[in-house]
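All figures in this text were calculated on a predicted structure; none of them were measured in a lab.
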Amino acid sequence: MSETIETRTPAQHAAAEHLRLLTAADLDAWAALFTTDATFTFPFAPPGMVTELHGREALHTHMRGFTETFDAQLVDLTFIATASAQVAVARGKLDGAARPTGKRFQQDFIVVVHTDAEGLITRFDDYWNPLAAVEALTPADA
């Protein structure tokens, strides 16, 4: 789908802002994109890792770990058309480094974002490859 910022649906705008603010480590502004009772899921999370978070405060706390661990930039974002302006499906790529190891971090992902009538995120499903994070965080001598 070819779109511009002006033609994005509310859900597409929320998804793009999520990525912009998260990679900028602006977690207060990032958390404000979500309803207070929002759900955030990680369907591909391996055993022992968080698979679901509930509530804006839990999301903020969890994502602080991401911004402290990875320095990543969004290098690609494409939206896939949906039947509802309150649902966005996007695929993209992050590129950066794992702070603890200095190793390159590349992450391909697909997200499904649901928003309310005001454009706040009510549900965010993050389909990412956990192996990319594990590889980037594994010391070179391990």
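- Not less than 6.0 angstrom separates the ring centroid of Phe79 from the ring centroid of His13.
- Note that NE2 of His54 is 13.5 Å distant from OG1 of Thr36, once rounded to the nearest 0.5 Å.
- Both Leu27 and Phe66 sit in one connected hydrophobic cluster of ILVMFWY residues. Membership requires side-chain heavy atoms under 4.5 Å apart, directly or through other members.
- Residues Pro43 and Thr51 have side chains not in contact (no heavy-atom distance under 4.5 Å, counting atoms from C-beta outward).
- Aromatic ring pairs are classed by plane angle as parallel below 30°, tilted from 30° to 60° and perpendicular above 60°; the pair Tyr127 and Phe44 is perpendicular.
- Within the 3.5 Å criterion, the main-chain N or O of Ala58 finds no donor-acceptor partner in the side chain of Thr61.
- Taking both residues in full, the closest heavy atoms of Thr101 and Leu137 are given as CG2-O, 3.3 Å, listed atom of the first, atom of the second, then distance.
- Taking the side chain as every heavy atom from C-beta outward, Arg99 and Asp71 approach each other to under 4.5 Å.
- Smallest separation of non-hydrogen atoms from Gly119 and Pro10: CA-CB, 4.4 Å.
- Under a 3.5 Å cut-off, the side chain of Thr23 and the backbone N or O of Leu74 do not form any donor-acceptor pair.
- In summary, the side chains of Thr122 and Asp116 do not present any donor paired with an acceptor at a separation below 3.5 Å, with no hydrogens or angles considered.
- To the nearest 0.5 angstrom, Arg56 atom CZ is 9.0 Å from Leu33 atom CG.
- The backbone N or O of Ala14 lies less than 3.5 Å from no partner atom in the side chain of Glu17, so there is not a single donor-acceptor pair.
- Rounded to the nearest 0.5 angstrom, Ile110 CD1 and Ile80 CD1 are separated by 6.0 Å.
- Both Phe105 and Met49 are assigned to one and the same hydrophobic cluster, defined by single-linkage of ILVMFWY side chains at heavy-atom distances under 4.5 Å.
- Not one N or O on the side chain of Arg8 forms a donor-acceptor pair closer than 3.5 Å with the backbone of Ala15.
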*Please lay out, stage by stage, how His62 and Val50 fare under the test side-chain contact (heavy atoms from CB on, under 4.5 Å).*
CA-CA 9 Å; His62 180 80; Val50 172; 4.1 Å; yes
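- Rounded to the nearest 0.5 angstrom, Lys93 NZ and Gln107 CD are separated by 10.5 Å.
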_For a side-chain contact (heavy atoms from CB on, under 4.5 Å) check, start with the C-alpha distance between Leu19 and Leu77, then their side-chain angles and the critical distance, and finish with the verdict._
CA-CA 9 Å; Leu19 293 159; Leu77 183 64; 3.6 Å; yes
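- Linking Ile, Leu, Val, Met, Phe, Trp and Tyr whenever their side-chain heavy atoms come within less than 4.5 Å leaves Leu21 and Leu120 in two separate clusters.
- When side chains are defined from C-beta on, Val113 does not count as touching Arg123, because their heavy atoms never get closer than 4.5 Å.
- Below 30°, between 30° and 60°, or above 60°: for Trp30 and Phe40 the angle between ring planes is between 30° and 60°, a tilted geometry.
- Using a cutoff of 4.0 Å between basic side-chain nitrogens and carboxylate oxygens, Glu135 and Lys103 are scored as salt-bridged.
- To the nearest 0.5 Å, atom OG1 of residue Thr78 and atom CZ of residue Arg91 are 5.5 Å apart.
- Phe109 and Val134 fall into different hydrophobic clusters, defined by Ile, Leu, Val, Met, Phe, Trp and Tyr side-chain heavy atoms under 4.5 Å apart, directly or through other members.
- The shortest heavy-atom contact between Thr69 and Pro100 is O-CD, 3.4 Å.
- Summarising the geometry, atom CG belonging to Leu53 is positioned 10.5 Å from atom CG belonging to Asp126; distances are rounded to the nearest 0.5 Å.
- Using bins of under 30°, 30° to 60° and over 60° for the plane-to-plane angle, the ring pair Phe34/His18 lands in the perpendicular bin.
- Trp128 and Leu131 are not part of a single hydrophobic cluster, where members link through side-chain heavy atoms under 4.5 Å apart.
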*Under the side-chain contact (heavy atoms from CB on, under 4.5 Å) criterion, do Val111 and Phe124 qualify, and how do the steps go?*
CA-CA 7 Å; Val111 297; Phe124 194 105; 3.5 Å; yes
*asked:* The test is side-chain contact (heavy atoms from CB on, under 4.5 Å); show your working for Asp95 and Arg104 and say whether it passes.
replied: CA-CA 8 Å; Asp95 189 21; Arg104 189 163 188 196; 2.9 Å; yes
